[in-house]
Amino acid sequence: MVDSVETEVPPLAGYTVGITAARRADELAALLERRGANVVHGPAIRIVPLPDDAELQAATEGMIADPVDYVVVTTGIGFRGWVEAAEGWGLGPDLLGILGKAEVFARGPKAKGAVRAAGLVESWSPASESNSEVLEYLLDSGVDGKRVAVQLHGEPLPNFVNSLRAEGAEVVEIPVYRWTLPADVGPLERLLDAVLAGSIDALTFTSAPAAASLLAMAQRQGRHDTLLDVLRGPVLPVCVGSVTAGPLLDAGIPVVQPERPRIGALARSVATELPGRATRLRVGDIQLELRGQGVVVDGVLRVVPPAPMAVLRALCVTPGKVLSRPALIGVLRKHSGRDEDVDAHAVETAIARLRSALGDSTLVQTVVKRGYRLAIPV
């Protein structure tokens, strides 16, 4: 029996979305599933707090010994972890005293909330919630001769830090936590397999380290170039913001990102962009909309198995024109990744399953001794 949805079709029904997030993955999954998506989660990183880290403690002690003029707070969780770690070392009051005398710049609402929860008041926070706007504000204000503390958020911020130093600032980097591979990389490997197999329609990223980690895993497995190809083509990469997009853009991968770097906005971008890429055509009196793992047939979502879906996509490249059996054998071989067991019988089986899935056998016609076509006059 073929599953179908006979009510209004949700925007992401028939699509599968991959999530690489380590934090707030459940929240993002719920937002996507509410819009109809099937979700596959493979965390690409594991965040490691550094309450006992010597590097963080040394940076904190150095800042207390030589106070800073400006402090850039990039994440709420990172700032809270920093203050808690300082309290554990007996440096809490000294750190808060230094921060209270400096000008504090909070990147977004969560960073601002953490600053205020510590009894401090931010000097400025950008409406865009972006590091780039914080950097622009600092450079416009003048940083020559100023000592600036930058709270990192899991990875270095070379452009941010180097831009400040180029304008004469002394920068103190505050590494509040680090990232590493998950203890269990199995889910990430399975997600990567699904991306390369064409069963993922969009891949979401909420941190730059997650993007870098996925690319690094593909590199280690000898599949880096293949991953780049699919992320530049059939799979839609969606990043929560410009910093997150950095590793992908550096690799020449175009990305989609919302205007505001928020989880909800990320989910809305996926729900807008994926349907916008759908193939739509009319076959006789019937309207078809090809989605990732299914077809909306006159307002009814019908789930189509992967091999018949590959055949349908091939038939839709030149709607109404005949596609020969040898050509469809090639389509199925490319889909399966192997040559064995793909012959004329496999094509006939895929066509039969496609007709059954669509619920109307007349949509795909057999042209005797030639092949198959969509029932569209040419």
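No hydrogens, no waters, no symmetry mates; every other heavy atom, side chains included, goes into these values. The residues of the chain are indexed from 1 along the displayed sequence.
Judged by distance alone, the side chain of Thr272 and the main-chain N or O of Arg268 form a donor-acceptor pair under 3.5 Å. With hydrogens and angles ignored, the 3.5 Å screen pairs a side-chain donor or acceptor of Arg355 with a backbone N or O of Val364.
A side-chain donor-acceptor contact under 3.5 Å links Thr75 and Gln151.
Between Glu289 and Ala278 the shortest heavy-atom distance is CG-CB, 3.8 Å.
Note that CG of Asp343 is 8.5 Å distant from CD of Glu348, once rounded to the nearest 0.5 Å. Note: Leu215 CG to Leu231 CG = 7.5 Å, rounded to the nearest 0.5 Å. Note that CD of Gln221 is 8.5 Å distant from CG of Leu196, once rounded to the nearest 0.5 Å. Atom CG of Leu164 and atom OH of Tyr70 lie 10.5 Å apart (nearest 0.5 Å). Taking OG1 of Thr16 as the start and CD of Gln293 as the end, the distance is 4.0 Å to the nearest 0.5 Å. To the nearest 0.5 angstrom, Leu354 atom CG is 5.0 Å from Leu312 atom CG.
Qualifying side-chain hydrogen bond (donor to acceptor under 3.5 Å, both in side chains) partners for Arg277, counting only residues two or more places apart in sequence or in other chains: none.
Sorted by first and then second residue, the salt bridge (Lys or Arg N to Asp or Glu O under 4.0 Å) pairs involving residues 180-208 (not counting sequence neighbours) are Asp193-Arg223. Legend: salt bridge (Lys or Arg N to Asp or Glu O under 4.0 Å) pairs involving residues 80-97, not counting sequence neighbours: none detected.
Trp124 and Tyr137 have parallel rings, their planes meeting at less than 30° on a 0 to 90° scale where 60° marks the start of perpendicular.
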